[in-house]
Amino acid sequence: MTKRNHIKGAEALLLSLIAEGVDTIFGYPGGSVIPIYDELYNYKNKINHILTRHEQGAVHAAQGYARATGKTGVCMATSGPGATNLLTGIADAMLDSTPLVCITGQVASAQLGSDAFQEADIISITMPITKWNYQVTSAREIPEALAKAFYIARSGRPGPVVIDFTKNAQIETFDFEYEPCTSLRCYTPAPILDRKKIREATELINHAEKPLILAGQGIKLSGAEKALAEFAEKANIPVASTLMGLSAIPNDHPLYVGKLGMHGNVAPNTMTQESDLLIAVGMRFSDRVTGDVSAYAPKAKIIHIEIDAAEIDKVIKADVALLADAKEALRALSGLVKKKERDAWMQFAREKYREEYESVIKPSLFPESGPIKMGEVINRIAEISAGNAVIVTDVGQQQMFSSRYSKFTATRSFITSGGLGTMGFGLPAAIGAKMGVPDRQVIAVLGDGGFQMTMQELGTIMQNRIPVKIVILDNSFLGMVRQWQQLFFDKRYSFTELENPNFCLIAEAYGIPAETVTERADLQPAIKRMLQSDKAYILAIGVEREDNVFPMIPAGASISNLLYNE
């Protein structure tokens, strides 16, 4: 418990953050948060504030920090436009279950509802995209509000919380006392494990001939990586990953069969359709995983392990629904399941991998001449980094190529915008990730379109000397939209072509070393120079303009309908 007598609300806010273990805030000052920033001046040795160049950059950086560390990310903005500039990141965090506490300033309580300068009703605006939000109108509310905010943000299924501070609450004085929140009435973040359901699930698992584990981000959020591996090994069941679940199990694990979904691997998608039992853990059956729901997993019974009751039976009906924390459920199952030989099932996985390898993945398929392919860039990065880097992506073709060709040896090594698909996410999220795990190599893989949405955050990198590595795959197109236009809209490339600036000159303006690569022979040496640098580095790589990501499942089609080419 922390106590201080007769202090301002702004200082109480900072003491509350420190009590919660916060060491980094990403933010942008403004009129309604000046009292907080004034107090922050006195706490610079306890809280590292990163001044971003836009509030959207602040919230995405907080997301990257949270996803890389497992801690709750914190960002701060002023009222009105400052607060509304956080909305995209808040919605992104809600869909991707990222724990955030977003602090916004607000006009004084007496001015609420008067359309005062830079007033916006951020509580009403963010209600649908937060786990909880609250407006502080008196300094005395601060300790309890902050304690609740952190408890709600990180417990159960994590997510974003917004706390809106009126200006008067920041300057009022009171006797401060802080006690962390450990429970709330009518909120049960960790459901009680139903042992009867565990026995029912065990029965299905022990009798299954072709079971498949679908590992989602809930594995990482629960800290269940070891429990997942132990369960899979005990029962001898292959493991597939969702996009958000990537790196929860190492790529080289003998039971890992690849990534699910629209641009996933052939083996796990085909196995889904042939499986007699799907064990879905911490995933929500996104449309990008299921495709046509009516044709999804036609032969399989479903065990769904999920901490959020709202996700149970929402998309796919479960035969056994385990409302539980992933780690607790997997450990309980591990104690009961029996090992079963599944040589034919694993051989099926290997055959499907070889089929994809020969058609799509094999390095010799990359041409010896002509434009560089996006896949070979990611493949080279994976080889040179030995799978030890944190890969942060933007959204689009480079995201899908990164998810397919990257290799991961440790958890929390793949950070991307999943549910919302936010272009502009990659660069600021990489900044946050690097601040959170400074001892790890962090590589941002960006498209030329997404990079230009938030490239002002190069200023944040410059000012704070953040040694993040930035790879820009430059095809002068909004590549994923162009791919769809090519395949499904008769190559009518309507407003997807980009005329791009000289990215190296932009890097030079920010004092960041950079080079452009257009020749295949220069690719590997350039990647090595980038990774060996102890500073930020930009590698702008000219890639084939009309390169496509394959295999692909057309939107709304069955996952059996894999396209290998156009």
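With respect to Glu209 and Lys340, a salt bridge is recorded, a charged nitrogen being found less than 4.0 Å from a carboxylate O. Look at Lys362 and Glu358 and you find a salt bridge, because one of the NZ, NE, NH1 or NH2 atoms lies within 4.0 Å of a carboxylate O, short of that distance. Under a 4.0 Å N-O distance rule, the pair Glu376/Arg520 qualifies as a salt bridge. Between Lys299 and Glu274 a salt bridge is recorded (basic side-chain N to carboxylate O distance below 4.0 Å). Taking the charged nitrogens against the carboxylate oxygens, Arg154 and Glu20 do have a contact shorter than 4.0 Å, which makes a salt bridge. Remark: Lys528 does not engage Glu383 in a salt bridge, criterion side-chain N to carboxylate O under 4.0 Å. A salt bridge links Asp547 to Lys373: one of the charged nitrogens lies within less than 4.0 Å of a carboxylate oxygen. Residues Glu230 and Arg331 are not paired through a salt bridge, judged by the lack of any N-O separation under 4.0 Å between the basic side chain and the carboxylate. Checked for salt-bridge contact, Arg284 and Asp308 miss the test: no charged N lies under 4.0 Å from a carboxylate O.
Here the shortest heavy-atom pairing between Val392 and Gly426 reads CG1-O, 3.5 Å. Heavy atoms only, all atoms of each residue included: Phe285 and Thr290 are closest at O-CG2, 3.7 Å. For the pair Ser558 and Ile553, the tightest heavy-atom approach, listed with the atom from each and the gap, is O-CG2, 3.4 Å.
Heavy-atom contacts from other residues, nucleotides or ligands closer than 6.0 Å to NZ of Lys317 number 12 or fewer. Counting non-hydrogen atoms of other residues, nucleotides and ligands closer than 6.0 Å to NE2 of His207 gives a total of 12 or fewer. Residue Gln347 places its CD atom among more than 12 non-hydrogen atoms of other residues, nucleotides or ligands, all under 6.0 Å distant. For Lys407, the NZ atom counts as densely surrounded, since its 6.0 Å shell holds more than 12 non-hydrogen atoms of other residues, nucleotides or ligands. Residue Glu519 qualifies as open at atom CD: its count of foreign heavy atoms under 6.0 Å is 12 or below.
A donor-acceptor contact shorter than 3.5 Å links the side chain of Asn269 to the backbone of Gly261. Without hydrogens or angle criteria, Asn265 side chain to Pro268 main chain gives no donor-acceptor distance under 3.5 Å. Between the Ser275 side chain and the Lys210 main chain, a donor and an acceptor come within less than 3.5 Å of each other. Between the Asp394 side chain and the Gly447 main chain, no donor and acceptor come within less than 3.5 Å of each other. Checking side-chain atoms of Lys131 against main-chain N and O of Ile152 turns up a donor-acceptor pair under 3.5 Å. In terms of modelled atom types and a separation under 3.5 Å, the side chain of Glu515 and the main chain of Ile538 share no donor-acceptor contact. In this structure, the side chain of Arg67 engages the main chain of Thr416 through a donor-acceptor pair within 3.5 Å.
Using modelled atom types, one finds a donor on one side chain and an acceptor on the other under 3.5 Å when comparing Thr422 with Asp92.
In this structure, Leu278 CG and Tyr296 OH are separated by 5.0 Å, a value rounded to the nearest 0.5 Å.
Side-chain contact between Gln273 and Pro298 is present, with at least one heavy-atom pair separated by less than 4.5 Å. Using a 4.5 Å heavy-atom threshold, the side chains of Phe348 and Thr270 count as touching.
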Q: Please test Glu225 against Lys327 for salt bridge (charged side-chain N to carboxylate O under 4.0 Å, His left out), starting from the C-alpha separation and ending with a verdict.
A: CA-CA 8 Å; Glu225 295 90 343; Lys327 185 194 291 185; over 6 Å; no
